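One structure is given below, encoded as structure tokens.
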Amino acid sequence: MLDINRIRENTDEVIRGLAKRNFTADFSHVIMLDDKRKALTFESENLKAQKNKVSADIPMKKKNQEDVSELLAEMKVIADKTKEIEIELNNVKKEIQEFLEVLPNIPADDVQQGGPEENKVVSVYGKKPEFSFVPKDHVTLCETLNLIDYKRGVKIGGNGFWVYTGIGAIVEWALLNYFVEEHLKDGYEFLLPPHILTYECGYTAGQFPKFQDDVFKLKEEENKGYTQFILPTAETALVNYHRDEILKEEELPKKYFAYTPCYRKEAGSYRAEERGMIRGHQFNKIEMFQYTTPENSDAALDELVDKAVRLMDGLGLHFRLSKLAAGDCSHSMAKTLDIEVWIPSMGIYKEVSSASNAKDYQARRGNIRFKREQSGKNEYLHTLNASGLATSRILPAIVEQFQNEDGSITIPEVLRKWIGKDMIKIEKK
RNA sequence: GGAGAGAUGGUCGAGUUGGUUUAAGGCACCGGUCUUGAAAACCGGCGUAGGGGCGACCCUACCCUGGGUUCGAAUCCCAGUCUCUCCGCCA
């Protein structure tokens, strides 16, 4: 949510910012509405003040046996007039709200204008694997090594689902263990949140009302407009953890991480080359999250990116770090960096982590503040999130990048203590 | 799922036969006096949001949420949410 006062006072700056994500906005109408809101508020409050004054006189006059019928009539007129103005005022407020709540965040100053084609690779890690044989794709490898059962996944869950089997499940779980261990080392608090969330959670995160169709809605009761949904990312749960709270400045930054599967409709985004585990309706992810003061959020984003990079580096994979252009950042985010892993069979890099600074955008929607010690004032804090990491694309990357000529897979060193072996080989039957 | 009780400012808690309570009071917290220092005592301050005024200030709203009755609602009515106790069911 953008601040109406920021829009009023720095209109051109806001317009220029949104233009970077190819979003054109005309604020003249909403500013006019806000003027109207102020005028109506003033009028309504004056009437209420008058009402309160007369209302205090009535019991006194009654006590003195005076006639109050004239006052009652006067009050009736004031009450009717107030009601009229209140209705108009509520309509104006609603219209302002509806306009503001669908505006995207303003990109940070150092974020490039344009769409995905303007994304910039910041750095590249590891060496692109070269094979002296014809490498297989992860679908083939996972099937021959019995890591994943695609057929039965579709049978029991429908299109877009798979089943981790045997050693495949163990590797997937080892990745999660590795990430959990690293986050604990860095002093992040581990949370396991509900997977079913209320509408308010989606609103605060910025998914609702505009992007409702991306999630699986669970319950939609008639005439209530109230929906529970299955979370598309743990971020949605974590940003709501402190919703409607005022934190102490000294307890910031708050650093959390959570493990949840992520459930997404991915309606219409299926592409033929994305078979296997590149895009499903459910994938595992560990999410990092921070609540910080505004002045510390840039540094916090650097920290999150660095953590994600270190996790990838620890696995020994070839990947790159990209800075997204304004138009490719999601709705709620001011700045985003993606970590993309090399998938040899596809010849492209696919996102395994997205690290973003939402600044005060989500905090405004969720009314999340902190008390500034020096001034005693409440201010909106900044929220940041980063995957750390999404495992379901890492497993295919490991399988493809670390495959050997005989069809076996070399297991990354850091995972071996959970898997109990250093190679995955074809089982003789 | 059934029955009952409840929800008031950071916390505890009064007010709930509608109007002289402008939400009392205690605690916590902050500042001051006193003290070598501390404690105690005393004095003062102490919520959030919106609006008006150059300003000292002033006004409005908020007693779980949303409606309603009334000239007037923390208080009455309706709907909902949540919490607690008991019963049932159940990892």
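Just so we're clear, the structure is a prediction, and the values are computed from it rather than from any experiment. Residue numbering restarts at 1 for every chain, and letters A, B, ... go by the order of the sequence lines.
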**Request:** Return yes if a side-chain donor-acceptor contact under 3.5 Å exists between Glu172(A) and Asn284(A), otherwise no.
**Result:** yes

**Message:** Suppose you measure atom C1' in C59(B) against the same atom in G32(B); what distance do you get, rounded to whole Å?
**Reply:** 31 Å

**Prompt:** Is there a donor-acceptor contact under 3.5 Å linking the side chains of Glu235(A) and Gln362(A)?
**Reply:** yes

**Asked** NZ of Lys254(A): more than 12 outside heavy atoms within 6.0 angstrom?
**Response** yes

**Item:** Proximity to the side chain of Thr41(A) - top-ranked nucleotide from U48(B), G50(B), G19(B)
**Value:** G50(B)

**Message:** Less than 4.0 angstrom between a side-chain N/O of Arg37(A) and OP1 or OP2 of G50(B), yes or no?
**Reply:** no

**Asked** Under 4.0 angstrom, heavy atoms only, what part of the nucleic acid is Lys377(A) near: base, sugar-phosphate, or nothing?
**Response** nothing

**Prompt:** Any side-chain donor-acceptor pair under 3.5 Å between Glu287(A) and Thr260(A)?
**Reply:** no

**Asked** Going by number, which of residues 76-101 of chain A have a non-hydrogen atom under 4.0 Å from RNA chain B?
**Response** Lys76(A), Ala79(A), Lys83(A)

**Request:** Could you tell me whether the side chains of Glu95(A) and His29(A) share a donor-acceptor contact shorter than 3.5 Å?
**Result:** yes

**Item:** Under-4.0 Å salt bridge between Lys350(A) and Glu340(A)
**Value:** no

**Request:** Would you please indicate if the ring centroids of His382(A) and Tyr291(A) are separated by under 6.0 Å?
**Result:** no

**Flag for Lys255(A)-His183(A): side-chain donor and acceptor within less than 3.5 Å** = no

**Complete:** Checking C71(B), U48(B), G52(B) against the side chain of Lys371(A) (C-beta onward), the nearest is U48(B)

**Request:** Check the distance between G72(B)'s P and Leu72(A)'s CG and give it to me in whole angstrom.
**Result:** 10 Å

**Request:** Give a yes-or-no answer on whether the side chains of Ser297(A) and Lys359(A) include a donor-acceptor pair shorter than 3.5 Å.
**Result:** no

**Request:** Using a 4.0 Å heavy-atom cut-off, write out nucleotides 58-64 of chain B from 5' to 3' as B (base contacted by protein), S (sugar-phosphate only) or - (no contact).
**Result:** -BBS---

**Request:** Let me know the distance between CG of Asn367(A) and P of A49(B), rounded to the nearest Å.
**Result:** 8 Å

**Message:** I need the minimum non-hydrogen distance between Tyr188(A) and Tyr256(A), along with the two atoms involved.
**Reply:** CD2-O, 3.5 Å

**Message:** Less than 6.0 angstrom separating the ring centers of Phe190(A) and Phe257(A), yes or no?
**Reply:** yes

**Message:** What's the closest nucleotide to the side chain of Asn378(A) if the choices are G52(B), G50(B), U48(B)?
**Reply:** U48(B)

**Request:** Runs of at least three consecutive Watson-Crick or G-U pairs, both distances under 3.5 Å, are what I'm after; which ones involve RNA chain B?
**Result:** B:1-7 with B:81-87, B:10-12 with B:25-27, B:29-33 with B:41-45, B:47-52 with B:57-62, B:64-68 with B:76-80

**Fill in**
Separation of G47(B) atom P from Arg372(A) atom CZ, nearest Å, is 20 Å

**Message:** Looking at A49(B), I'd like to know if its phosphate oxygens (OP1 or OP2) sit under 4.0 Å from a side-chain N or O belonging to Arg369(A).
**Reply:** yes

